[in-house]
Amino acid sequence: MKEDSLWTNIFRKQSAEKTDTLKVLKNIPLFRDLSRKELRQLERILHQRTYKQNEVIFNEGQPGVGMYIIDSGEVRITIGPEQKVLAVLTKGDFFGEMALLLEAPRTASAIASKPSKLYGFFQPDLFSILKTFPRTGNKILLRLSQMIAERLRHSNLENQELRKKLASLTKREQ
Amino acid sequence: MDVTVNRFLKILLALLFFAALIWLTVKLSNIITIFIIGALLAYILDPITSFLEYKGMTRMQATSVVFLFLALFLFLFSYFVVPLIVDQVKVIQHTFSSGQGTESLKRMEQSLKESIPMLKNVNLDISARLHKAINHLSNSVFSLVGSLISLITTLVVIPFVVFFLLKDGRNIIKGMVSIIPNRHFEIALNLLYKTDQQIGGYLRGQFFDAAIIGFLSVIALWILHVPYFLLIGTFAGLANMVPFVGPLTGAIVAILVVFLSNGTANQMIMVAVAFGIIQLLDNVLVQPLVVAGSVQMHPLIVLFAVIIGGQFGGILGMFLAVPAAAVLKVLIVEMYQMYQSFNLTSQS
């Protein structure tokens, strides 16, 4: 009887963990359009990693190949040798998604400020999902393009603002 | 002092570990060979399984379907083609034991001595050498199989390995990646992906290329009435998997067989031309379509890799030499690029 309850506990724990993971994934903007079945396909591909407090996830300048999703814990994004903190991310947040499309050096460092559990989603995984489950892959790719387009639009607006400010400053100086 | 002793102990332990690893590899070489063959087959069949998975099957269903088709193909092959090959082998054995082949070889030796003055005083003894070569070849082929028990083990174990690697290969790789320390994990994953891209296409391409070349060779030799056409054609196809050495060996064996079976010079030329045309078709049509864009290496490196592979692992070694060299190339190029980018960032 005791064994039964042990097994039930284990399975209950596992299925609860799975539902929790699916919830975390569903809240990531990149995977928002995916159905439950597609999220499960994705979950099978993701890499689960555990980090100790103050452990480096990646360093600025290091070649990057993918993004990380925080399942639990806290991650600090820093820049420069003085380690200026740009953001502090918690459960459900994600970072490094640009590296999914562009294999370029990381623009900032990521450090686990608390013991953290992260999911890694990398360029090879994206290509693999595009090959095996193209419908799921295309949904992710479309969302990624939309997010990047949105960021580009935002940057353009900022750029315009700055140009205007610069123009008015030069006029004032003249 | 303590640090030096510690270091010495560490080096000693590492050396002992490597020695044990080499000893184990040598001792278990037969099992390792079986595993490599199984892994290769699973790797070649993986895209078909993934395609079925994409069509809506689960991985288990897709693997089972691939296995059913493979079993059907093997059954048909062993029912229709194997008896024909066995018959042809028996004829070859008869030719040699009856002395017919030896006579032809003596004739060849005589004509060689007459046409090349340098060889006049040299004892060529082609017949004995060929006998030795055939014996050596059959020994090396059968050493893998050994006895009947190990033959059955091989026939049972390989499908098992293929089935489970095909079904769980992805999870096994994921499991192995998960034990890599966080620091090296991303780099390792990237290297794994790049290596797969380089050698996956090559191995699958070579396999299908060999099947096409084998089929074309059998048809060509059958049209030209070459004896043992099925055996030589199959051999030519398999040999084609080894770059440079393979295609030439297939053609030489075919011409030699025509010569030994008292074929005319015309027939020998026709066989050579047929192999030439097949190679041309292979290089112009098949290779660019099937193998293209996978392993990009200088022909000289490929040639050296094949020779070294042959030295270490025989025929299987020669076949695996190119993908092994490709893995090494990916590792070196990626490490170099990483070193450079790290250098750049540390300078800036």
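Throughout, a chain's letter reflects where its sequence line sits, starting with A, and its residues are numbered from 1. Bear in mind the structure is a predicted one, so any value in this text is a computation, not a measurement.
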If you count heavy-atom pairs under 4.5 Å between each of A/F58, A/F133, A/F127, A/Y51 and chain B, which one has the most? A/Y51

Between the side chains of A/R106 and B/E186, is the shortest nitrogen-to-carboxylate-oxygen separation below 4.0 Å, so that they form an ion pair? yes

Nearest atoms (heavy-atom pairs only) where B/S50 meets A/T132: O-CG2, 4.0 Å

Of the non-hydrogen atoms in A/E55 and B/N182, which two are nearest, and what is the gap between them? OE2-ND2, 2.9 Å

Near [X] [atom1], under 6.0 Å, is it more than 12 heavy atoms from other residues, nucleotides or ligands?
X: A/K52; atom1: NZ; result: no
X: B/F207; atom1: CZ; result: no
X: A/M98; atom1: CE; result: no
X: B/F67; atom1: CZ; result: yes

Checking heavy atoms, do the side chain of [X], its backbone, both or neither come under 4.5 Å from chain B?
X: A/I129; result: neither
X: A/V65; result: both
X: A/T50; result: backbone

Is any residue of residues 166-176 of chain B within less than 4.5 Å of chain A by heavy atoms, and which ones? B/R170, B/K174

Residue by residue, scan residues 38-49 of chain B and write down, ordered by number, those that have a heavy-atom distance under 4.5 Å to chain A; if none do, write 'none'. none

Side-chain touch A/Q41/B/E53, heavy atoms, less than 4.5 angstrom: no

Answer whether the closest heavy-atom distance between the side chains of A/F122 and B/F185 falls below 4.5 Å. yes

CD-CG distance between A/Q123 and B/L189, expressed to the nearest 0.5 angstrom: 10.5 Å

What's the spacing between B/I180 CD1 and A/R49 CZ if we round to 0.5 Å? 7.0 Å

